[in-house]
Amino acid sequence: MPSITADSFKTGYLPTWCPGCGDFGIWMALKNALVELGIGPDDALLVYGIGCHGNMSAWMRTYAVEGLHGRTLPVAQGAKIANHTVPVIAIAGDGDCLGEGGNHFIHAAKRNPDISVLIYDNQVYGLTTGQASPTAKDNLKTKSTPEGITDAPINPLTLALVSGATFVARGFAGDTPGLTKLIAGAVKHKGFSVIDILQPCVTYDHVHTYPWYRSRLYELDQIAYKPTNKLAAIEKALEWGDKIPVGIFYQELTSTSEDREPALTNGPLAGQPLGVVDVDTVLSEFR
Ligand code: SF4
Ligand code: MG
């Protein structure tokens, strides 16, 4: 069998992202993490939302679903229940995951399914030309907020923590090695893992640039910090300003929703994928 390399994920299409977009760094880190874990294109399911991030489904060869706006997590959880042996990774935008999909995010975190979510957090809706998203902050001026954003932003990390996520991290699209490590850790983690990825949108956000982030970011594993205390994690996650932490804020191992699902643990299907269902037979019950 040929070994898995970053080239294994090539399709015949090239990225359409703007030159310099942070999505390039995330794409590279994701491929590196999958290679490191020995996960090839046929071994994982990626579930995409709608946005610049979602376009990646055209140039990243894996099993994939590009669903409706904000609905990555219902699809990802359904797929995990159907075949819980396959790694499932949701690729979501900040608007996609925390605006349209905000309620799904909270309820997925609470259930702790064994799936990973990468939030491409650029503070704007890039695909629709740069309106403010729920994570927009620092008085950001956008097409929809010409005088600057006045709302308080959603903090993806604190929301994940209080909702029950069991692996909560922040990465930076401009640090491919660091992000590779975080993504590999999130995919390996058994439970709901969330990485909020700071992703410069070079076209529509001229505040949160690569230099802006680079002058502020520091790594949690370079200080005396242990990701085992939820209250300490919340406190760290609230830091935003001259210093911004990246790394793993919190991790705990506890039962997943698949572990607690009676049909998967007690019945004849215990430990087995649900298998292929004849859709016509199922639908015939409703005719
Ligand atoms: Fe990237 Fe922004 Fe361009 Fe979208 S609009 S591809 S997020 S730089
Ligand atoms: Mg966005």
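Reckoned from all heavy atoms, side chains included, excluding hydrogens, waters and symmetry mates. Counting starts at 1 for both ligands and their atoms, in listed order.
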Enumerated ligand 1 atoms positioned under 4.0 Å from heavy atoms of [X]:
| X | answer |
| --- | --- |
| Y204 | 5 (S) |
| T203 | 3 (Fe), 8 (S) |
| Q199 | 7 (S) |
| W17 | 6 (S) |

Straight-line distance of E66 CD to M56 CE, nearest 0.5 Å: 10.5 Å

To the nearest 0.5 angstrom, please state how far the CD1 atom of I154 sits from the CG atom of L98. 5.5 Å

Heavy-atom side-chain contact between E219 and D175 under 4.5 Å: yes

Same cluster (ILVMFWY, side-chain, under 4.5 Å), W17 and L179: yes

Fit a plane to each ring of W240 and W212, take the angle between them on a 0 to 90° scale, and name the class: parallel (under 30°), tilted (30 to 60°) or perpendicular (over 60°). tilted

Mutual orientation of the aromatic rings belonging to F167 and H189 [parallel < 30°, tilted 30-60°, perpendicular > 60°]: tilted

Any donor-acceptor pair under 3.5 Å linking the side chain of D121 with the backbone of D94? no

Give a yes or no on whether C18 keeps an N, O or S atom under 2.8 Å from atom 3 (Fe) of ligand 1. yes

N, O or S from C52 under 2.8 Å to atom 4 (Fe) of ligand 1: yes

In Y218, Y120, Y213, the residue satisfying ring pair (Phe, Tyr, Trp, His ring centres under 6.0 Å) with F172 is Y213

Counting non-hydrogen protein atoms only, what is the nearest one to [atom]? Give residue, atom name and distance.
| atom | answer |
| --- | --- |
| atom 8 (S) of ligand 1 | V202 N, 3.5 Å |
| atom 1 (Fe) of ligand 1 | C21 SG, 2.3 Å |
| atom 2 (Fe) of ligand 1 | C201 SG, 2.3 Å |

Would you check whether H53 reaches within less than 4.0 Å of ligand 1, judged by its heavy atoms? no

Ligand 1 versus N122: contacting region, heavy-atom distance under 4.0 Å: side chain

